[in-house]
Every structure is written in C-alpha cells, then in structure tokens.
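Basis for what follows: all heavy atoms, side chains included, without hydrogens, waters or symmetry-related copies. First the proteins, then the strands, lettered A, B, ... as listed; each starts at 1.
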2 protein chains.
Amino acid sequence: MERGERILEAAGELLVAWGYRRVTIDEIARRAQVGKGTVYLHWKTKDALFLAVVLQAKLRSHRAQTARMRVDPLEVLPSRMMSGVYRDFLADPVLRAVYSADTDVLGRFNDIAKKELAELAAYGDQVVRRQLEVLREHGLVRADMDVVQQQYALLATASGFFLTEALLHDRAPHAAEERAHILAHTLRGALETSADPRSGTGTEPAAARTRAAAEAAASEIIPLYERLEELSEQEMRRQLRH
Amino acid sequence: MERGERILEAAGELLVAWGYRRVTIDEIARRAQVGKGTVYLHWKTKDALFLAVVLQAKLRSHRAQTARMRVDPLEVLPSRMMSGVYRDFLADPVLRAVYSADTDVLGRFNDIAKKELAELAAYGDQVVRRQLEVLREHGLVRADMDVVQQQYALLATASGFFLTEALLHDRAPHAAEERAHILAHTLRGALETSADPRSGTGTEPAAARTRAAAEAAASEIIPLYERLEELSEQEMRRQLRH
DNA sequence: CTCATGACCAGATTTCGAAATTGGTCACGA
DNA sequence: TCGTGACCAATTTCGAAATCTGGTCATGAG
C-alpha cells in the first residue's frame, strides 16, 4: 500500500473516531507509519488532507453510482439513484459525518469543507438539474412542476432522510434497507411517472417501455456523472503539494 | 396585558434575539417591567419558563391547525396539514429555532426541551399514526406501504424541508409560499390517493367524493388534535409554580 | 394579610496570563 | 533524492481569580 493511501486511510479513521478537533498530524503520521514531514510531502495543509479524505469518500460513492447506472439503466431514476446514495451514505462513516453535517465529528471543518467544495457542489447541482430535464424528455419524470422546484423537492426530501438518520436512530424503522426503500418510494411518488403504485398491476409492455426510455436517458446522464467524477479527482489532486 | 404574558413574551423575544445562553432572568424581568422575583412567582425555573415559551408557540400552531381543519376538512390530508405547519414554522421565529434544532439560538436548551417534551412528542406520533390509519380507511391515503413506514416517510420528508430551510436559504426557491407548495406536492405524491397529478384532469365527481371522505375523516381526526392541544396546555401549566 | 421586589448567596461561567500543544518548516542524513 | 523529526511561531489549553447568574427569601408597600 502506497504511503499516500496509508496516510489518507489513517486520517479518515481518526477523523470518525476522534473528530477533527482532536486529530493531530503527529497521530496521523504515527498510525500511517511515516514521519510527520512525510504527510506534508503529500498534502499542502491539514485541511487539504481532510478535504482529500472527504473527496475520496464522495468519489467512491460517485463511482459506485455510475457503475450501478451502467449495469442497470433504471438506476438513473431519482428514486433508484438516491436510494443507492443513501445506502452508500449509511455504509461509510465519513459520508455519514459529511452529509449529516455532524458537528461532533467535523467541528469547524464542516464550514471549511462546505466553502472549499462549493464549486464542486454547484456543478453537482447542475448535473442533477440536467438529469431531471433529460428524464422528463424521456417521459420518466413528471412535468407537473418546474424543474428547479423538482430539484428542490429531491434535495429537501433526501436531506430529510439523511438528517433524521442521525436524529431519530431510535424510533426510526429499523433496517437500513427498509429506510432506503421508503426513500425510494417517496421520491418515486413525488417525481416519477413509471410503475405507478396507485394503478395496481404494472403491465408488462409499460415496464419494457420504461426500460427502453431509461436506457436512452442513461446514455445522456452517465457522462454527466463521469464528468463529476473527473472534477472530483481533479479537486482531490489540487489538495496535493504540486 | 397580564404580568405572566408579558414575561412569556419578553422571554420569547430575547430567546430568538440573543439565544438561550445569553438571556438572563434579570433581563427578562427588566423587559417585562417586573422584579426578578416575580418571574419565579410564575415559573418554577428558567428552563420551565423557556419550556413554556416553546409550548406556547407549538400550541398556537396546533390551534391554527385544528382551526384550518374545521374550516376545510381537506386540511386533514398530510400534504395540506404539513404545508400549514410549514407556514406556521416559517412565520414564528421560536418554532423555526425549535423545529430546526438551531444550536446558535437554543444551545443546550435544545437537549433539555427534547427530553422534557418527549412524552408530548410521543403522543404526537400516536396522533399522526392514527390520522394516517383513519385517512387510509377512508381511501384518502394509499395502502401500498406499512403505516409506520408511511409515518416515517412523512416525518423524514417534512424534516428535510424544515432543516434545509436554515441550511439552504440561499439557493432554495425564493418564496416561502412556493416551498410550502412543493412540500405539499411531494407529500401528496408520496402518500395520498386524491387529485392524482398524473391523470391530467380531476373530474368533478371524484373531487366531491374526496371531499365527503375528508369530512368523515376529519370528524375522527380533529378530536385527536384537540386532545393534543389539551395535553400541551396541561404541560404548559405544569411549568408554573403550583 | 397578600404579593411584588431586589439584596443576597452558592454555584456556575468568564477572564486572562502562563504553560502546553500543534500545524507547518527545513536542515540533516540515509 | 527523499523521508525525517527537532524546531518555531501561533494557537489552544489550563487554572485560579474575578465576575456573573439562577434561585431564595426577608422586607415593605398596599
């Protein structure tokens, strides 16, 4: 394992275990079996290192997401996509901390990351907006609402599931799988046209038509996320020295 | 204006202006034009006073809600109800602080209130659950999901709109009215059967049938919220001395 | 006698200078 | 050439003194 990867891993582990405030470069170096100076041979500053930790987590999630879309085009549907993102979120403690803005873990790094990654987040917004437009063109997303409003609905609803995760881990439905399903169901009802649960039986031809439309849409949407991956990688490289 | 009301009002104003941490009983007494001891003639402790402030805000919102339900039975629908609650939330700074768990304003009172009002919140959960069951019996809420899951969907979705309110007041759709509408639309699509936006035109007979069902449901649901009001009043009285 | 008041007190919070820690550098040596 | 840890400036932490504040209650006005 590369020195850089070891440092990144150590930083991530310590971040979720101790919280940003308590983690020192000395401790990261010790855990990664390198000298303190070596950390600065790789990253510009402590914040840059933690930014890289966050970007790596997001990048992993983005890659998993595009992989799912390539395997099954229906994954471009908002309900399916967010369900996947939610599962990634639950599985990765770094993502959990970042998406739920966990102050105990992130401390003031919360604001730093938000500010530093604002540009990337803005591009992410653009991608989602374009995705909704494409899906709408293919009849997979309803047109009963402005796209910007739909995007807000998507963001706010998903945020609710992400944030209540931390807040209500007691009286919330137990299995993570179950909550991912509820999220998907909610978004499908709110935004999509396909597999309307209200019409009782889904007919076979309708399902086939939906799949065809999703395949067409996916060919437009996947490149958007590939570009987002590239920008994330670029941003991650920008945190390095030179 | 009664002494007690003046104190309550002063406490609420100072809470949202200065935050729990900075507000002193002395300052509240000064603003309410009473002596410091008089505050303790009315409430047991400082926390009890602020609990009363919060309970008063929630009570006002509950009363407005039942009033809306009495005027228009369709207000018992989750989408309509939460849209109203969201508007109340936006209009009252105390509710904004409480529902968005604003740490800057509430400080450690956040945890105190959550613990102290847990019983009331639990009853509120029961009410919503029963509401969903009744609406389902009258064919106004879909039966494609477990009630507990539907309740989670409702809670998580609404929470998303409440919490992103504070978080994204920049790039969110501008008008409050607009966001309330999007919330309603989302919940309707996720939970309800009526006025399906996907079926293009809403026929007149269907609307009439929906209204009749809502009236029947409202007669069962309104008493639940009246009981919740009573419990809130009771809890508010419990904060008083004697 | 009733009830509002502010002086009063113990405990909590803030202050502030000293001491310790830590992010970041760089001369050294493997 | 490349990794390292001693080193330094700057920030954070510590601790005890000083201040503040929640809560009480003796007092006095009505």
Sugar-phosphate, base or nothing in reach of A:Arg21, heavy atoms under 4.0 Å: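 Since only primed, P, OP1 and OP2 atoms lie under 4.0 Å of A:Arg21, the category is sugar-phosphate.
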
Without decimals, in angstroms, what is the distance between [X] [atom1] and [N] [atom2]?
X	N	atom1	atom2	answer
B:Leu41	D:dT27	CG	P	18 Å
A:Lys44	C:dT25	NZ	C1'	17 Å
A:Ile25	D:dT4	CD1	P	15 Å
A:Asp26	C:dA20	CG	C1'	14 Å

side-chain hydrogen bond (donor to acceptor under 3.5 Å, both in side chains) partner of A:Asp88, the single match among A:His62, A:Arg60, A:Arg96, A:Arg68: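 Looking at A:His62, A:Arg60, A:Arg96, A:Arg68, the match for A:Asp88 under the side-chain hydrogen bond (donor to acceptor under 3.5 Å, both in side chains) is A:Arg68.
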
Pairwise 5' ranking along DNA chain C for A:Arg241 and B:Lys36, keeping only the more 5' one: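 The residue mapped nearer the 5' terminus is B:Lys36.
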
First of B:Val34 and B:Arg108 reached from the 5' end of DNA chain C, by closest nucleotide: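 The residue closer to the strand's 5' end, by nearest nucleotide, is B:Val34.
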
Side-chain N or O of B:Thr38 closer than 4.0 Å to phosphate OP1/OP2 of C:dT5: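 For C:dT5, OP1/OP2 do have a side-chain N/O of B:Thr38 under 4.0 Å.
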
From the list [options], which nucleotide is the closest neighbour of the side chain of [X]?
X	options	result
B:Thr24	D:dT4, C:dC3, D:dG22	D:dG22
A:Lys46	D:dT4, D:dG23, C:dG23	C:dG23
A:Tyr40	D:dG23, C:dG24, D:dT4	C:dG24

A:Glu226 with A:Arg70: basic N within carboxylate O range, under 4.0 Å: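 Salt bridge present between A:Glu226 and A:Arg70.
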
pair A:Ser61-A:Asp92: side-chain heavy atoms closer than 4.5 Å: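 In short, these two side chains do not touch, never coming nearer than 4.5 Å.
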
Pair A:Thr66, A:Glu229: side-chain N/O donor-acceptor within cut-off below 3.5 Å: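 Looking only at side-chain atoms, A:Glu229 and A:Thr66 do form a donor-acceptor pair, the distance falling under 3.5 Å.
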
